[in-house]
Visitor: 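Before we start, here is the structure in question, set down as structure tokens.
Start at 1 and go down the list; that is how both ligands and their atoms are numbered. Sequence positions, counted from 1, serve as the residue numbers for this chain.
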Amino acid sequence: MSEKVRFGKTDLQASPLILGTWVTGGWAWGGSDEREALQAIIRSLELGINFIDTAPVYGFGKSEQIVGKALDEWGRDKEVIVATKCGLQWDAKERIRRNADPARIMEEVDASLKRLGVERIDLYQVHWPDPAVPFEETMNALLKVRDQGKIRYIGVSNFDRDQLREMMKAGDTVSLQPPFNMFERDAERELLPFCIENGVATLAYGGLCRGLLTGKFKGTEQFPKGDLRRADPKFKPGQFPKYAAAAGEIKKLAESYGKTCAQFALRWAVQQPGITCVIAGARTARQAEDNAGALDWTIKPEDMQKAEDILARHIREPLGPEFMAPPKER
Ligand code: NAP
């Protein structure tokens with residue numbers, strides 16, 4: 001059996017690598033192939049990943065549906081930790097807005113249960129903080145659906161330290177899902193120390209920095225319409241070659257272990273203080289296989305330092321993932 005970690009204060013034993021299923025839904029990733037996406041999930045489960053992260057907004061229900069189908073195929077009797085989210089709403093034009101109103105949550109949880117085909121969601125996360133709704137109201141709704149047995153644990157995503165503290169005061173919040181990878185490390189300043197101090201589990205998202213950390217890019221590639229990387233400042237001329245060059249050096253370091261760049265980058269994140277699990281998306285079974293190679297090995301301290309040196313040399317002024325945030329105003 002491959003490695004597992006205790007997920008914060010919960011009784012969940014999680015693989016430190018989580019399969020992310022944003023790309024599975026196709027939306028914001030230039031589309032997806034359903035059969036391929038399903039196989040990526042099955043392959044991840046076969047290789048020791050026992051945790052899947054999804055959200056209603058990923059393909060407007062499609063990602064959750066495909067996760068549900070994959071669980072049917074995999075066998076419902078085998079335990080898989082399923083995390084999904086609430087608090088975002090979309091319209092017919094696929095415009096996203098935040099909505100963590102109790103009424104919205106009540107409606108969303110039932111829709112997610114149905115699409116996933118599960119009786120209970122293991123981890124239910126508020127996707128983005130909604131400034132229009134007092135956190136206490138959102139929490140009361142979450143506690144209600146937990147009492148009804150529809151969800152097991154409550155988590156949040158994209159909350160800053162003060163927002164997380166406030167949510168924890170309102171009710172039992174076990175986890176935080178922040179952006180975090182070799183190139184996006186803002187969480188190190190306040191969030192991760194706070195989570196360590198308070199026993200909050202963390203699921204780092206964007207583990208491969210949207211593919212940059214696979215080392216597959218030259219820094220000149222263009223992305224199809226509808227691919228979020230067109231809006232990501234790291235993939236723009238001037239920045240993209242710098243990030244690609246850094247990944248190229250990390251790739252060489254990874255090769256000294258017989259590992260790929262993706263495996264090294266994900267392992268690096270797993271080994272960071274305050275990180276419980278790292279989430280990586282996979283479009284295909286092949287990508288899933290590559291990423292699963294982040295399990296069951298360790299990067300030596302001297303090579304963690306070499307990685308730091310590479311990052312410091314190439315990325316002097318790191319850019320964050322702020323471009324992804326949905327508008328705050330309703
Ligand atoms: P990611 O894991 O950094 O990158 C995933 C993408 O990289 C894939 O879709 C694939 O895209 C490429 N890729 C993955 N493995 C590869 C491999 N081995 N070789 C080559 N290419 C590979 O990005 P992410 O999916 O945005 O983040 C991971 C997960 O975190 C999401 O799926 C989601 O569950 C979660 N997330 C949460 C939030 C939030 O607000 N809470 C935000 C973002 C993500 P291509 O094949 O198109 O290159």
Visitor: Under a 4.0 Å threshold between the charged nitrogen and the carboxylate oxygen, would D147 count as salt-bridged to K144?
Guide: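 No, K144 and D147 are not salt-bridged.
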Visitor: Begin from the C-alpha positions of S112 and E64 and carry the test side-chain hydrogen bond (donor to acceptor under 3.5 Å, both in side chains) through to its verdict.
Guide: CA-CA 7 Å; S112 289; E64 287 187 331; 2.9 Å; yes
Visitor: Do Y205 and D53 have side-chain atoms, one donor and one acceptor, less than 3.5 Å apart?
Guide: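 Their side chains do not contain a donor-acceptor pair, so the 3.5 Å distance test is not met.
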Visitor: Among Q287, R210, Q263, which one has a heavy atom closest to atom 22 (C) of ligand 1?
Guide: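 Comparing heavy atoms across Q287, R210, Q263, the nearest one to atom 22 (C) of ligand 1 lies in Q287.
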Visitor: Do R229 and E221 sit within salt-bridge range, that is, some charged N less than 4.0 Å from a carboxylate O?
Guide: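 Result for this pair is no, no salt bridge flagged.
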Visitor: Does any N or O atom in D227 lie less than 3.5 angstrom from one in ligand 1, N or O only?
Guide: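 Not met; the criterion fails.
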Visitor: Against ligand 1, does Q125 come closer than 4.0 Å with any heavy atom?
Guide: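 Checking ligand 1 against Q125, which is what was asked, there is no heavy-atom contact under 4.0 Å.
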Visitor: Please work out, at 4.0 Å between heavy atoms, whether the side chain, the backbone, both, or neither of R229 comes within that distance of ligand 1.
Guide: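 Looking at R229 and ligand 1, just side chain atoms fall under 4.0 Å.
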Visitor: Would you please test F217 and F223 for ring-ring contact (aromatic ring centres under 6.0 Å, His included) and show each step?
Guide: CA-CA 11 Å; F217 295 124; F223 295 92; 5.5 Å; yes
Visitor: Is the cationic atom of R104 (NZ for Lys, CZ for Arg) positioned less than 6.0 Å from the six-membered ring centroid of W90 and within 45 degrees of its normal?
Guide: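 Judged by the rule, R104 and W90 form a cation-pi pair.
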Visitor: Using a strict 4.0 Å cut-off to heavy atoms of W128, name the atoms of ligand 1 that fall inside it.
Guide: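 Numbered from 1, ligand 1 contributes 40 (O).
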Visitor: Mind checking whether P321 contacts ligand 1 via backbone (N, CA, C, O), side chain (CB onward), both or neither, at a 4.0 Å heavy-atom cut-off?
Guide: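 No part of P321 comes within reach of ligand 1.
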Visitor: Provide the full list of salt bridge (Lys or Arg N to Asp or Glu O under 4.0 Å) pairs with a residue in residues 275-300, sequence neighbours left out, each pair given once.
Guide: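 Every salt bridge (Lys or Arg N to Asp or Glu O under 4.0 Å) pair that includes a residue of residues 275-300, provided the two are not neighbours, is R43-E289.
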Visitor: Consider every N or O of W29 and every N or O of ligand 1, then say whether any pair is closer than 3.5 Å.
Guide: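 Looking only at distances, the answer is no, because the N/O contact criterion of under 3.5 Å is not met.
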Visitor: Which atoms of ligand 1 are found less than 4.0 Å from any heavy atom of C209?
Guide: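 Those of ligand 1 that fall under 4.0 Å from C209 are 3 (O).
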Visitor: Could you work out, for atom 44 (C) of ligand 1, the closest of F183, F223, Y205 by heavy-atom distance?
Guide: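 Of the listed residues, Y205 has the closest heavy atom.
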Visitor: Closer than 4.0 angstrom, basic N to acidic O: yes or no for D110 and K114?
Guide: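 No.
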Visitor: With heavy atoms under 4.0 Å as the rule, classify the contact between I279 and ligand 1 as side chain, backbone, both or neither.
Guide: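 It is both backbone and side chain that touch ligand 1.
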Visitor: Given A325, G25, G281, P326, which one has a non-hydrogen atom that is nearest to atom 2 (O) of ligand 1?
Guide: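 Nearest heavy atom to atom 2 (O) of ligand 1 lies in G281.
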Visitor: Show which atoms of ligand 1 fall inside a sub-4.0 Å distance from at least one heavy-atom site of D53.
Guide: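 So the answer, numbered in order with elements, is 33 (C), 34 (O), 35 (C).
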Visitor: Among all protein heavy atoms in this structure, tell me which lies nearest to atom 15 (N) of ligand 1, with the distance rounded to 0.1 Å.
Guide: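 Ranked first by proximity to atom 15 (N) of ligand 1 is N291 ND2, 3.1 Å.
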Visitor: Can you name the atoms of ligand 1, numbered from 1 with element, that are less than 4.0 Å from a heavy atom of G211?
Guide: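 Matching atoms, with element in brackets: 4 (O), 7 (O).
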Visitor: Taking the basic N atoms (NZ, or NE/NH1/NH2) and the acidic carboxylate oxygens, is any pair closer than 4.0 Å for D33 and R35?
Guide: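 Between R35 and D33 there is no salt bridge, as every charged N stays at least 4.0 Å from the carboxylate O atoms.
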Visitor: Any idea which part of D290 is under 4.0 Å from ligand 1, heavy-atom wise: side chain, backbone, both or neither?
Guide: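 Just the side chain.
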Visitor: Is it the case that one hydrophobic cluster holds both L123 and V109, taking links as side-chain heavy atoms less than 4.5 Å apart, direct or via other members?
Guide: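 Different clusters.
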Visitor: Suppose I only count heavy atoms of V23 and a 4.0 Å limit; which atoms of ligand 1 are within that range?
Guide: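 Near V23, the atoms of ligand 1 are 9 (O).
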Visitor: Check each of E184, R283, K216 against atom 48 (O) of ligand 1 and report the one with the nearest heavy atom.
Guide: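 Among E184, R283, K216, the closest heavy atom to atom 48 (O) of ligand 1 belongs to K216.
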Visitor: Where's the contact between T24 and ligand 1, heavy-atom distance under 4.0 Å: side chain, backbone, both or neither?
Guide: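 Neither part.
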